[in-house]
Amino acid sequence: MNWCFSWKTIGIPAPQGSKRHVGMGRMIESCKALKPWREQIIADTKALDFPRTIENAVSVSLVFCFPRPKSHFTTKGALKTKAPSHKTTKPDIDKLCRAVLDALTIAELIKDDSLVHSLTAEKRYCVGEEPPGVLITVMDMYEVPFED
């Protein structure tokens, strides 16, 4: 039987990937916001109370929502006509995905992120009063039939 889980983790998405050397061969993540962000994703994932760790192919969809900077608004709070419609600034989308996929593995929802055979990702600005975060959708691909 196929299943699909979808949930939103609230918070400012943080990237994973850039590291800095701190001496004696030790490397640490350069983004200080990564650890609490990943811990929130892990907590939300574990709250799903999934009965077992997934050990087969999955499809993952990630929609990252970021708050607009104040410079996008007029003094009266309206969105400026010249405000960009797409989020094309840092953080890089691949580093955002890496943080989520590693969190799903740490939370033991999936055995390894190599099981992700299909990944779609989008980063955008929050709409209206929407809170920032990431909408995560994981779909089991175990019994998806192939079409000729």
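Cluster annotation: Ile106 is not connected to Leu48 through the hydrophobic network of ILVMFWY side chains, with a link wherever side-chain heavy atoms come within less than 4.5 Å. Val134 is not connected to Ile93 by any chain of hydrophobic side-chain contacts under 4.5 Å among Ile, Leu, Val, Met, Phe, Trp and Tyr, and they are in different clusters. Cluster annotation: Leu109 and Val100 are assigned to the same hydrophobic cluster (Ile/Leu/Val/Met/Phe/Trp/Tyr, side-chain heavy-atom contacts under 4.5 Å, transitive). Note on Val63 and Leu104: separate hydrophobic clusters, where clusters join Ile, Leu, Val, Met, Phe, Trp and Tyr whose side-chain heavy atoms are under 4.5 Å apart, directly or indirectly.
For Leu115 against Asn56, the heavy-atom pair with the smallest separation is CB-O, 3.7 Å. Nearest heavy-atom pair, Pro15 versus Leu96, reported as atom, atom and distance to 0.1 Å: N-CD2, 3.9 Å. Closest heavy-atom contact between Pro131 and Lys8: O-NZ, 2.8 Å. Looking at every heavy atom in both residues, Gln16 comes nearest to Ala99 through OE1-CA, 3.4 Å. The two residues Ile12 and Pro132 have their closest heavy-atom pair at CD1-CG, 3.6 Å. In plain terms, the two heavy atoms of Lys80 and Ser71 that are nearest each other are NZ-O, 3.2 Å.
Residues Leu101 and Leu119 meet the side-chain proximity criterion, which asks for heavy atoms closer than 4.5 Å. Two residues are said to be in side-chain contact when any heavy atoms from C-beta on lie closer than 4.5 Å; Glu122 and Ser61 fail this criterion. Cys65 is not listed as a side-chain neighbour of Leu135, based on a closest heavy-atom distance of 4.5 Å or more.
Rounding to the nearest 0.5 Å places CG of Leu34 at 10.5 Å from CZ of Arg98. Atom CE in Met141 sits 6.5 Å away from atom OG in Ser118 (nearest 0.5 Å). The distance from atom CD of Glu39 to atom CD1 of Ile41, rounded to the nearest 0.5 Å, is 10.5 Å. Expressed to the nearest 0.5 Å, how far CZ of Phe64 lies from CZ of Arg124 amounts to 12.0 Å. Atom CG of Leu62 is separated from atom NZ of Lys123 by 13.5 Å, given to the nearest 0.5 angstrom. Separation of atoms OG1 (Thr9) and CH2 (Trp37) is listed at 5.5 Å; rounding is to 0.5 Å.
Atom CD of Glu108 sits in a sparse spot, with 12 or fewer heavy atoms from other residues, nucleotides or ligands closer than 6.0 Å.
Without hydrogens or angle criteria, Arg68 side chain to Pro84 main chain gives a donor-acceptor distance under 3.5 Å. Asp92 places no side-chain N or O within donor-acceptor distance of the main-chain N or O of Asp94, the cut-off being under 3.5 Å. A donor-acceptor pair under 3.5 Å is absent between the side-chain atoms of Lys111 and the main chain of Thr53, judged by distance alone.
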- Item | Pair Ile110-Phe50, side chain to side chain contact (heavy atoms under 4.5 Å, CB included): steps then yes or no | CA-CA 10 Å; Ile110 56 177; Phe50 198 71; over 6 Å; no

- Message: Quick one, Tyr125 with Leu79, criterion side chain to side chain contact (heavy atoms under 4.5 Å, CB included). Give me CA distance, side-chain angles, the key distance, then yes/no.
- Response: CA-CA 12 Å; Tyr125 290 112; Leu79 190 62; over 6 Å; no

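In this structure, the ring of Phe5 has its center less than 6.0 angstrom from the ring center of Trp3.
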